[in-house]
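Scroll down for the structure; my scribbles are underneath it.
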Amino acid sequence: MAVSTLTHNLGFPRIGGQRELKWALESYWRGDIDRSELEHRGRQLRAHHWRLQAEAGLDLIPVGDFSWYDQVLDVTAMLGAIPQRFGWPGGTVDLDLYFQLARGQAAGRQSVAACAMTKWFDTNYHYLVPELEPGQRLRLSSTRLLDETAEALALGLAVKPVLVGPLTWLWLARAAEDDGEARLALLPAVVEIYGQLLGRLAALGVRWVQLDEPALVTDLPAPWLDALTAAYRRLSASGPDILLATYFGRLGDHLDRVCALPVAGVHLDGIRGEEALEAAAARLPAGRVLSAGVIDGRNVWRTDLDRTLDLVRRLRARCRGDLWLAPSCSLLHVPVDLNLDDRVPDQVRPWLAFATQKLEELAILKAALAEEDGGASVREALAASRAALAERRVSPRVHRPEVAARVAALTPEDERRALGGSARAALQRARFGLPRFPTTTIGSFPQTPEVRRTRRRWRAGELTDAEYREFLRAEIAAAIREQEALGLDVLVHGEAERNDMVEYFGEQLEGFVFSGNGWVQSYGSRCVKPPIIVGDVARPRPMTVDWIRYAQSLTDRPVKGMLTGPVTLLNWSFVRDDQPRALTCLQLALAIRDEVRDLEAAGTGIIQIDEAALREGLPLRRAEQADYLDWAVRAFRLAAAGVADDTQIHTHMCYSDFNDIIAAVADMDADVTTIESARSDGRLLDAFRAFDFPRALGPGVYDIHSPNLPEPAELLDRLRQARRRIPAERLWVNPDCGLKTRTWDEVRPALAAMVAAARALRAAAD
Ligand code: GLN
Ligand code: ZN
C-alpha cells in the first residue's frame, strides 16, 4: 500500500548551542537587559532553531517547544490557572507574572512563594507544578503559542504547534485535599480552552497540532483513562488534525484505547517499546498516522540505522495510514550539537549523536526509504554509521574483560556485612563513643567564589597542581577548624575539591567521557552536563583517600569519608545502551567498593555513600519498580559491604518521598541514613516509624535550600517531633543536604543553632 513517510520533531532543545537562552534570562532577571531585548533574543533563538530543523530536511517543525521557563508552566499560563497569592487581576499573563510563578519574585512585584518544582516523569528536567484552587476558574489567558506560530508561519515554515496535553497537565497538577477526582472534574473546562486555542491555530492556517500526553505511559486510574475519549473527541472537532504524542515508555495495556481515540495520529516511543510500534501499526484505524519514535531522544548514542531501517520497513508494510518518523521524545533531554564540542575524545565522537545529529539521522532514514537502494550519499551515510557502530562494538575502550570477569565472580557474600545491623551498631557505639543525637553535616561546605575561581585558574593552567593542592588543603583545614568550633561530633572535609558530585568521580574513573559543551536544561536557566558512560568502569587509583586522610590528621574527632554511590553515578549520566543498566551499575559499585575499602584501610571509620538520585531512577510503571529497586539496592550494598563491622556506613538521599521505597531503603542496610525532611512536617517520620525502620536515621532538621536561618526554637521543636518517632539511640542530627550553595555567614549560625538544639535535647533526655 502506498503510504507516505515524513519526518518531524517533537521538540528541539530551547536553551541554545551556547546556552543563549540562559544568558538572556539571567541578564533580564538581573536587570541588565529590558523586556524588548529579551523578547528579541528569544525570537532570534527560535528562528535559528526552526531554520536549523528546516535545513536538516524535517517536513514538520515544532513550535511551542521554546519556553521562557517551562512547557508545563506555559499551559498553566494559557489556562489562566494562577494561584490567588499572586494577586493576578485577570487578563493576560505577562512575562513578569510568568517569571514570578516560576521564581517567586519579579521586577517591581512583591515576593511570593513560587510554584513547586518537580521532575518531569523519569527525566532530570523539572517542571512547575500547576496548583488548582477550590472553585478554580479557567480562561484563555496567553496567546504566546498563537504568536509564535504566526512568527514561524511568517518565515514560510511548515509548522506543527506542540503543547502539553490537557490530561497530562491535569494529572500533574495538585489541588488541596485531592484524591484525583476533583482534578478530573476540571477536565471538560480545561479541554474547552484547549479547544478555543486549537480553533485559533486552525484559523492561522495550521494543519497539525501535537498534544503531548506522557501521562499515558504511567499507571493511570480507570476514570482518567475513561475521560480520554470524550476529551479528544471535543479537541478533534476544534479544527486542526491532532497528533497525540506519548513517550518515556510503553503504553502497555493502554495501547488499544489510545489507538482507538478519535485523533488523526498517534506518536509512540519506539526506543522504550519497539514491539508496540508494530502492534500500533496493525491496530490504528485506516488513514490514521503512526508517528514512530525511532531515534533515542533520551540518550546520546548514534543510531543503528540498518536496524532502524529494517524496523521502519516492517512498519511501512503494516501501516494503514501515513508513517511519520521522529525522535522518541522531545530532544530537550539531549545536548544541542556535537560539533560545538571540543572535549569528547576523537575516538568516541563518531559513536555519538546530539540533537542536531539526530535530525541528520532522521533525514538519512527518510532518504534511504525513498529510493530502494538509496542514492550514493545515503549509502555513504549508512556505511559511516555502520563503521562507527562496528568499531564501538569491539573497542577496548568499551570492553575490558577483567571488569566483566570481576562482575561474573560476585557472590551473595560480597553484598553482605558479617553482622546484623544492631550488633554493628553496638560495636560502632563502643568504637566512636559519640554522644546521644550525634551532630553531623551532609558533606559539602560553601563553594565560595574563591574556591570556584581557584579551580578555574588551575584548570586554565594558571596554577600548578601543587599550588591548587595547597589551596585545597587550606580550605580543608579551615573547614575542620570551623566544625570544631561549632562543636559538631562527626566532621567532614568539606568537598572543596569537587565541582560536582558525579563529575568529580567520573573524571577519575575509566569508562567515562565528558563533553565540554553538552549542556541539558534542568530547570529554568539551569543546565547540567551529564557525563557519558561509554565503557566498562574501572577505578585505576584511589580518588578521595588523600583528602580524607589529611582532614583526619587535623582533628581527634572522626572525619567521614564522602563518596557518590553507584546508582547516583548511573542516574546522573548518559548510560551506555549496549548492556543492561543494571550491569553498568554493578561495575560502578565495584569501583566505589574499592574506594570504600581504601578509605577504611587508611583509617577512616565512617564512610558516607551518597545516593541522591536513587529514587529518580524508579520506573514510571509500578510493575517495573521492584526489579529496579532490586538491582539498585544490590549495587549499593555491594559498594558498602566490603568493610569491617565496626566501620560505619552512612548514606544520604535528598528527597522526602520515601513512602513507596522505604523497604528498599532499609534493605540498603546502611548504618545511618540521612534524608530530607525539613519541609514535610513529621508525616515522613510517621512513615519510618510505621515501618519500624531498623537503622539510625538523620532526618534533616533544616532546609538548606532556603536562605532563611532556622530559629533555634523551631529546630528544637523539629528534633522533639523526630525524637517521638525515632528511638533515641538511632536519631542523628543534621541539615537536610550539603551546604555548598550557601555562604559561611549563613552556615555558621545555622549549624550553631543545630548543635545547640541537639544539646538541649540531650539535656532533656538525661
Ligand atoms: N555530599 C554531597 C554534598 O554535601 C551530597 C549532595 C547531595 O545530596 N545532592 O554536597
Ligand atoms: Zn542531598
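Counting convention: from 1, in listed order, for ligands and their atoms alike. Just so it is clear, the structure is predicted and the values come from calculations on it, not from any experiment.
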May I have every N or O pair linking ligand 1 to the protein at under 3.5 Å, one per line with atom names and distance?
unit_1, atom_1, unit_2, atom_2, d
ligand 1, 1 (N), I442, O, 3.1
ligand 1, 1 (N), E495, OE2, 2.9
ligand 1, 1 (N), D610, OD2, 2.7
ligand 1, 4 (O), I442, O, 3.4
ligand 1, 4 (O), S444, N, 2.9
ligand 1, 4 (O), S444, OG, 3.1
ligand 1, 8 (O), H652, NE2, 3.1
ligand 1, 10 (O), S444, OG, 2.7
ligand 1, 10 (O), K740, NZ, 3.4

Could you pull out all donor-acceptor pairs under 3.5 Å where a side-chain atom in residues 691-701 meets a protein atom, sequence neighbours excluded?
unit_1, atom_1, unit_2, atom_2, d
R695, NE, D669, OD1, 3.0
R695, NH2, D669, OD1, 2.8

key: Main-chain N/O of V528 paired to Q521 side chain as donor or acceptor, under 3.5 Å   = no
task = Ignoring hydrogens and angles, tell me if any N or O in the side chain of T604 forms a donor-acceptor pair with the backbone of G561 under 3.5 Å.
result = no
message = Tell me which pairs pass salt bridge (charged side-chain N to carboxylate O under 4.0 Å, His left out) where either residue lies in residues 515-527, with sequence neighbours left out.
response = none
key: Ring centroid separation W458 to F471 under 6.0 Å   = no
ask   = Quick one: does E595's side chain have a donor or acceptor within less than 3.5 Å of a partner on L563's backbone?
value = no
note = For the Zn ion (ligand 2) the protein N, O or S atom count under 2.8 Å stands at 3
ask   = Are F437 and W732 close enough that their ring centers fall under 6.0 Å?
value = no
request  = Any chance you could lay out the side-chain contact (heavy atoms from CB on, under 4.5 Å) test for H652 and I675, step after step, and finish with the verdict?
outcome  = CA-CA 6 Å; H652 165 69; I675 55 172; over 6 Å; no
task = Let me see the working for F658 and F688 under ring pair (Phe, Tyr, Trp, His ring centres under 6.0 Å), right down to the final yes or no.
result = CA-CA 9 Å; F658 280 100; F688 276 90; 5.5 Å; yes
